[in-house]
2 protein chains.
Amino acid sequence: MTDVASGPLLRPGVRVGERVYRTLRHRILTGGLEPGERLSVPAIARELGVSRSPVRDAVLQLVREGLAQETLNRGAVISSIGRAELVSLYEAREALEGMAARLAAPHFTHDLRRRLLDNLAEHDEVVASGDFDRHIDVDAAFHREIRQSANSPVIARMLDQIQGQIMIAMRSTSVSGGMDRALHDHREIFEAVAAGDPDASEAAARRHIARLTEILRSDG
Amino acid sequence: MTDVASGPLLRPGVRVGERVYRTLRHRILTGGLEPGERLSVPAIARELGVSRSPVRDAVLQLVREGLAQETLNRGAVISSIGRAELVSLYEAREALEGMAARLAAPHFTHDLRRRLLDNLAEHDEVVASGDFDRHIDVDAAFHREIRQSANSPVIARMLDQIQGQIMIAMRSTSVSGGMDRALHDHREIFEAVAAGDPDASEAAARRHIARLTEILRSDG
DNA sequence: TTTATAAACATTGCATGCAGTGTTCGTGAC
DNA sequence: GTCACGAACACTGCATGCAATGTTTATAAA
């Protein structure tokens, strides 16, 4: 039992509701809770050893964020992300990742160069070893670096949100366009951003995402 | 007193919390509640004639949406949207409005043509009469038509959210680039979308927003 | 008059009560 | 065996209680 009350609940400065939210979000994103599964407030409260109030707050936040969906008087269930919804997510992601890369280009620093090169090196190993799970992580980390460097909090927040929903969908619909191809795309984005070229950076980032969208639209 | 319990509370199928949320959101967006103002849960509950629970739910949603900000144990206040945050909002908006226009182009219908032409005609009158408030409304309606035609629920939802925060900021920082210029931009977007040209549609929409972003970045 | 202190007050965040509603499961008729 | 019905059960959503915390006001000292 993952009791929320254990560990950093004692630390003041973090609401219990916030901790419950993070716990549930983590479970959803890592597959511990599957699409369609009910989020019973009393059951979760019992399991985590807290009252229903903070659990209710957490569930409402998940709904607001698109990770769960609710029906009146019937509570919330983990979102089932359909094909059409997933396409829409990728459309938004293409636009925002493109803009993030554009904005990151003029903010390119030595430090970012180092982190991106480290990431690409690790990605190389991962692709060579064929470890798909690690690929997912390294891939996500690359994009996170880019969007944090864009220095645009709104874009960063929206991309985080999109990322969460995509991760749910990925459990049922794998839209990998190939690990090696993703790595190749990342190198292109890196080159453009490192060169400080906003147009090329945006174009490279968009191609990368648009390719996945196309796979989604065509293939089953 | 705007008692939430009056009116459609009796109608089942709408949660009280949802009604409180809409009431508060409307007040924030129309200026009834100003940036920095506290959102006292007990006070709002008393005023609206409901208990604290649904009010608390509503306030948490507003925070989640970026319309309010909270501090631990000190509750929430209406967001003050600073210059940097506003720029970030416009950056995200540029990317998303551009993509919305791109997606709307292939979905152009006779019905959409009529609604956009109506809007442009009305906008003409409004500009001629110099009515700035109506300009805001007509302008927003134009963009709403475009993004609803994009048929991408994620993009539509995110643009709605951005629009809300921009409306707060607009009260202190007017970033109008001129009503006539906005109307001119809208005509360009209309032409491109009506022609079914995705690239031109996206480019026109982005120029329109980017111009405002530039005004923001430079001018005080 | 200004500053320090404490006491009164209000609010937050979690816990819990409860009516209304939806769901499940067992019983009996066919 | 299958279906209809109803009772038991569980959950949702709103209301309210309460300890901890923050804020404000009143009083006293300098």
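Here the P atom of nucleotide C/dG13 and the CZ atom of A/Arg56 are 16 Å apart, to the nearest Å. Atom CG of A/Leu39 and atom P of D/dG13 are 12 Å apart (whole Å). The CG atom of B/Leu48 sits 13 Å away from the P atom of D/dC14 (whole-angstrom rounding). Summarising the geometry, the separation between CD on A/Glu70 and P on C/dG22 is reported as 15 Å, rounded to the nearest angstrom. As a whole-Å value, the separation of A/Arg19 CZ from C/dC14 C1' is 15 Å. As rounded to whole Å, 12 Å separates atom P of D/dG13 from atom CD of B/Gln61. The separation between A/Arg52 atom CZ and D/dA10 atom P is 14 Å, rounded to whole Å.
Residue B/Ser40 places its side chain closer to C/dT12 than to any other of D/dC14, C/dT12, C/dC14. Among the nucleotides C/dT11, D/dC14, C/dG13, the one closest to the side chain of B/Pro42 is C/dT11. When distances are taken from the side chain of B/Pro54 to each of C/dC18, D/dA15, C/dC14, the shortest belongs to D/dA15. Between C/dA15, D/dA15, C/dC14, one nucleotide has an atom nearer to the side chain of A/Arg15 than all others, and that is C/dC14. Ranking C/dA15, D/dA15, C/dG13 by closeness to the B/Ser51 side chain, first place goes to D/dA15.
Remark: B/Arg157 CZ is packed, more than 12 non-hydrogen atoms of other residues, nucleotides or ligands lying under 6.0 Å away.
Remark on DNA chain D: of its neighbouring residues A/Ser53 and A/Ala76, the 5'-side contact belongs to A/Ala76, judged by nearest-heavy-atom nucleotide.
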Atom pairs, protein N/O to nucleotides 23-25 of chain D N/O, distance under 3.5 Å:
| from | atom 1 | to | atom 2 | distance (Å) |
| --- | --- | --- | --- | --- |
| D/dT23 | OP1 | B/Arg74 | NH1 | 2.4 |

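A pairwise comparison of heavy atoms in B/Val63 and B/Ala76 identifies CG2-CB, 4.0 Å as the closest pair. Smallest separation of non-hydrogen atoms from B/Ala169 and B/Leu86: CB-CD1, 3.6 Å.
Looking at heavy-atom distances under 4.0 Å, B/Ile44 makes no contact with the nucleic acid at all. B/Leu60 comes within 4.0 angstrom of no nucleic acid atom, judged by non-hydrogen atoms across all strands.
Between B/Glu70 and A/Arg15 there is a salt bridge, since at least one side-chain N of the basic residue sits less than 4.0 Å from a carboxylate O of the acidic one. Look at B/Arg211 and B/Glu214 and you find no salt bridge, because none of the NZ, NE, NH1 or NH2 atoms lies under 4.0 Å from a carboxylate O.
Distance alone, capped at 3.5 Å, is enough to place a donor-acceptor pair between the B/Arg83 side chain and the B/Leu216 backbone.
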Compile the donor-acceptor pairs under 3.5 Å between side chains in residues 99-111 of chain A and protein atoms, sequence neighbours left out, one pair per line.
| from | atom 1 | to | atom 2 | distance (Å) |
| --- | --- | --- | --- | --- |
| A/Arg102 | NE | A/Glu202 | OE1 | 2.4 |
| A/Arg102 | NH1 | A/Asp199 | OD1 | 3.4 |
| A/Arg102 | NH2 | A/Asp199 | OD1 | 2.7 |
| A/Arg102 | NH2 | A/Glu202 | OE1 | 3.1 |
| A/His107 | ND1 | A/Leu103 | O | 2.9 |
| A/Thr109 | OG1 | A/Asp111 | N | 3.4 |
| A/Thr109 | OG1 | A/Leu112 | N | 3.0 |
| A/Asp111 | OD1 | A/Arg114 | NH2 | 3.1 |
| A/Asp111 | OD2 | A/Arg115 | NH1 | 2.4 |

